[in-house]
Visitor: 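This is the structure, below, for whatever I ask next.
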2 protein chains.
Amino acid sequence: MTTAATRRTPAEKHEERRRALAASALTTLGELGYARASLREIAKSSEFSHGVVHYYFHDKLDLIVSCVRQYKATCVHRYDGVVDDAASADGLAAAFADALVRTILDEAPMHRLWYDLRAQTMFTAELREAVLAIDATLEEMVWRVVARYADLAGAAPALGPRAAYGLLDGVFQQALLGHLVGRDDALVDLDAEVRRVLPTLLV
Amino acid sequence: MTTAATRRTPAEKHEERRRALAASALTTLGELGYARASLREIAKSSEFSHGVVHYYFHDKLDLIVSCVRQYKATCVHRYDGVVDDAASADGLAAAFADALVRTILDEAPMHRLWYDLRAQTMFTAELREAVLAIDATLEEMVWRVVARYADLAGAAPALGPRAAYGLLDGVFQQALLGHLVGRDDALVDLDAEVRRVLPTLLV
DNA sequence: TCAACGTCTTGACAACTGTCCAGAGGACCG
DNA sequence: CGGTCCTCTGGACAGTTGTCAAGACGTTGA
């Protein structure tokens with residue numbers, strides 16, 4: 001019988017569980033960070049016991065890499081709406097700055113985890129592939145914004161995708177750190193800085 | 001008797017040991033990262049046993065904070081020579097870009113540790129004070145370069161110290177990551193990007 | 001009804017962690 | 001020489017870690 005509850009094949013159900021576990025692990029990782037998130041702690045805040053992790057994942061690193069891949073899907077097209085809806089260069093700049101601020105407000109733990117994992121990548125090679133893939137995707141995401149911004153302004157970008165990403169990511173990271181340590185003007189500054197930085201990216 | 005070997009007071013000798021231990025710990029931290037550097041591993045690569053750490057430091061965190069403070073002293077005035085010796089804006093840009101590249105070549109482990117610890121700061125409040133103090137000093141260091149560059153070019157900076165630091169730090173961080181994962185054009189790109197970014201920081 | 005299977009729990013394991021401490025070793029001073 | 005202090009060692013501790021395996025549970029199919 002294929003009711004609404006059992007309409008999935010066993011393989012799909014398996015994959016579904018993997019996703020659920022990874023999603024749960026993702027929030028715990030965002031709370032504790034890579035260094036202090038143990039498998040027992042991860043399982044504790046899910047609906048499963050600590051042993052189940054090795055049923056769905058080969059390794060702790062296998063779990064974390066799956067988490068990273070899952071994270072990627074949630075944030076890769078976050079600013080596409082901003083790009084599509086923009087009618088003017090200034091409007092795009094304002095909307096983009098606002099979207100960045102809201103990202104920190106809504107998902108600060110997720111993004112501090114991202115910077116944590118990217119730093120871990122500099123030490124452990126196992127994370128390399130997954131993290132670098134995301135980094136490249138984020139670079140493309142930023143470049144879509146910058147290219148569209150230049151287009152609307154009728155000018156050409158002064159920098160390449162890599163530099164533009166590193167640059168805006170650095171400003172964002174600084175604002176995230178400021179926000180997390182309680183500097184109350186961190187987000188206001190971010191908004192102003194993004195609006196001032198974008199024009200300098202044009203020739 | 002106050003020979004050359006025992007000319008220091010006991011208090012000075014104590015402080016000297018602390019510095020030696022912190023220096024040794026610093027290299028181990030740069031090798032393993034914050035998550036995997038245990039006290040035993042730190043002591044193993046020093047000339048002491050693992051128990052001595054609690055004789056000179058109250059805590060593991062006390063040790064790490066001391067390491068961070070020590071690290072600060074070594075890199076805070078790294079680019080002052082570049083600023084002082086510069087005769088033209090383009091010359092300053094070239095020398096600064098070259099100095100950044102050499103920093104990665106010479107001390108990549110130290111700097112990946114820095115980014116690791118800054119990410120940890122987003123999770124654990126105990127590191128906050130020491131890390132934020134260094135971050136502010138680095139911001140000033142970058143600002144000295146940018147201000148001098150604007151001065152030589154006869155223009156005014158288009159951004160404030162915070163944005164300028166976040167921006168250049170982001171580009172540097174991207175290059176460090178690229179270098180550590182073996183992207184062979186990472187440092188060449190860094191050189192080119194810094195030279196192209198600096199002019200855009202002027203009005 | 002019984003057997004087989006996929007799923008999950010529970011407890012165990014060896015290794016490792018930060019921390020502490022009893023005491024060895026040596027330098028210094030009376 | 002004897003005593004006192006500082007320095008440092010090595011082992012022990014309680015707790016935590018990732019990993020694994022034996023078995024319980026519930027569903028399915030014959």
Side-chain angles (χ1 to χ4, degrees), chain A residues 1-25 28-29 31-67 116 120 123-124 126-127, chain B residues 1-25 28-29 31-67 116 120 123-124 126-127:
Chain A
M1 191 165 35
T2 58
T3 70
T6 61
R7 68 187 180 281
R8 283 161 177 77
T9 104
E12 282 175 339
K13 193 152 188 174
H14 195 92
E15 197 56 35
E16 201 171 291
R17 289 281 201 207
R18 267 180 64 99
R19 269 199 298 272
L21 234 174
S24 180
T28 304
L29 278 165
E31 216 59 52
L32 300 179
Y34 176 85
R36 296 192 307 181
S38 69
L39 289 182
R40 282 170 172 81
E41 208 66 41
I42 287 173
K44 198 178 294 178
S45 57
S46 80
E47 50 173 347
F48 305 105
S49 72
H50 74 270
V52 87
V53 172
H54 286 85
Y55 182 75
Y56 286 106
F57 298 92
H58 176 267
D59 228 16
K60 187 190 182 185
L61 255 140
D62 185 23
L63 168 63
I64 290 187
V65 167
S66 295
C67 289
D116 189 5
Q120 296 309 314
F123 293 96
T124 70
E126 290 93 336
L127 290 169
Chain B
M1 194 165 35
T2 58
T3 71
T6 61
R7 68 185 180 281
R8 284 161 178 76
T9 103
E12 281 175 338
K13 194 153 190 174
H14 195 91
E15 197 55 35
E16 201 171 293
R17 289 283 202 205
R18 266 180 66 100
R19 269 199 300 271
L21 235 174
S24 180
T28 304
L29 279 164
E31 217 59 52
L32 299 179
Y34 176 84
R36 295 192 308 179
S38 70
L39 290 182
R40 280 171 173 81
E41 208 67 40
I42 288 174
K44 198 178 296 177
S45 57
S46 80
E47 51 175 347
F48 305 106
S49 73
H50 72 271
V52 85
V53 172
H54 288 85
Y55 182 75
Y56 287 105
F57 299 92
H58 177 267
D59 228 18
K60 187 189 181 184
L61 255 140
D62 184 25
L63 168 63
I64 290 187
V65 167
S66 295
C67 289
D116 188 6
Q120 295 309 314
F123 293 95
T124 71
E126 290 93 337
L127 289 169

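Source: prediction; values computed, not measured. Excluded from the calculations below are hydrogen atoms, water molecules and symmetry mates; all remaining heavy atoms, backbone and side chain alike, are included. Every chain is numbered from 1, with letters handed out A, B, ... down the list of sequences.
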Visitor: Between C/dG18 atom C1' and B/Asp59 atom CG, what is the distance in whole Å?
Guide: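 Rounded to the whole Å, the gap is 9 Å.
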Visitor: More 5' along DNA chain C: A/Ser49 or B/Leu61, using each one's nearest nucleotide?
Guide: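 Going by which nucleotide is closer to the 5' end, it is A/Ser49.
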Visitor: Can you tell me how far the CZ atom of A/Phe57 sits from the CZ atom of A/Arg18, to the nearest 0.5 Å?
Guide: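 Between A/Phe57 CZ and A/Arg18 CZ, I get 4.5 Å after rounding to 0.5 Å.
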Visitor: In whole Å, I'd like the distance from the CD atom of A/Glu41 to the C1' atom of D/dG18.
Guide: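 Rounded to the whole Å, the gap is 14 Å.
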Visitor: Rounded to whole Å, how long is the line connecting atom CG of A/Asp62 with atom P of D/dT19?
Guide: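 Going from CG in A/Asp62 over to P in D/dT19 covers 10 Å.
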Visitor: Would you kindly give the CD1-to-P distance between B/Ile42 and C/dC16, to the nearest whole Å?
Guide: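 Distance, rounded to whole Å: 16 Å.
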Visitor: When you get a sec, tell me which of C/dC8, D/dC8, D/dT19 is the closest nucleotide to the side chain of B/Arg17?
Guide: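 Nearest listed nucleotide: D/dC8.
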Visitor: For the pair made of CZ in B/Arg36 and C1' in D/dT17, what is the distance, rounded to whole Å?
Guide: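 Checked: the CZ to C1' distance equals 15 Å.
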Visitor: At less than 4.0 Å, is any side-chain N or O atom of B/His54 found next to OP1 or OP2 of D/dC8? Yes or no.
Guide: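 Answer is no, no contact under 4.0 Å.
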Visitor: If you check every side-chain atom of B/Ser38, which of D/dC8, C/dT17, D/dT19 has the closest atom?
Guide: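 The closest nucleotide is C/dT17.
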Visitor: From the set C/dC8, D/dT9, D/dC8, return the single nucleotide nearest to any side-chain atom of B/Tyr55.
Guide: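 Closest nucleotide to the B/Tyr55 side chain: D/dC8.
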Visitor: Can you tell me how far C1' of C/dG18 sits from NE2 of B/His58, to the nearest Å?
Guide: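 About 12 Å, once rounded to whole Å.
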Visitor: Please tabulate, one pair per line, each protein N/O and nucleotide N/O from nucleotides 13-15 of chain C that are separated by under 3.5 Å, including the distance.
Guide:
none

Visitor: Considering only heavy atoms from C-beta outward, does the side chain of B/Leu63 approach that of B/Ile42 to under 4.5 Å?
Guide: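 With C-beta onward as the side chain, the pair touches.
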Visitor: Can you find a pair of side-chain heavy atoms, one from A/Phe123 and one from B/Leu32, that are under 4.5 Å apart?
Guide: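 No. Closest side-chain heavy atoms not under 4.5 Å.
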Visitor: What I'd like to find out is whether the side chain of A/Tyr55 reaches to under 4.5 Å of the side chain of A/Arg17, using heavy atoms alone.
Guide: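 A side-chain contact under 4.5 Å is absent here.
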Visitor: At their closest point, which heavy atom of A/Leu29 faces which heavy atom of A/Ala37, and how far apart are they?
Guide: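 Heavy-atom minimum between the residues: CD2-CB, 3.6 Å.
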Visitor: If you check the B/Tyr56 side chain, which of D/dT19, C/dG18, D/dT7 turns out closest?
Guide: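 Selected nucleotide (nearest to the side chain): D/dT7.
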Visitor: Report yes if some heavy atom in the side chain of A/Arg19 is under 4.5 Å from a heavy atom in the side chain of A/Glu15; otherwise report no.
Guide: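 They are in side-chain contact.
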Visitor: Could you give the NZ-to-C1' distance, from A/Lys44 to C/dC8, as a whole number of Å?
Guide: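 Nearest whole value for this atom pair: 19 Å.
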Visitor: Counting side-chain heavy atoms from CB outward, which of D/dC8, D/dG18, D/dC20 is closest to A/His50?
Guide: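 Of all the options, the side chain of A/His50 is nearest to D/dC20.
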Visitor: Quickly work out the A/Glu15 CD to C/dT7 P distance and round it to whole Å.
Guide: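 For the pair A/Glu15 CD and C/dT7 P, the rounded distance is 12 Å.
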Visitor: Return the CD to CG distance between B/Glu126 and B/Asp62, rounded to the nearest 0.5 Å.
Guide: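 Those atoms lie 12.0 Å apart.
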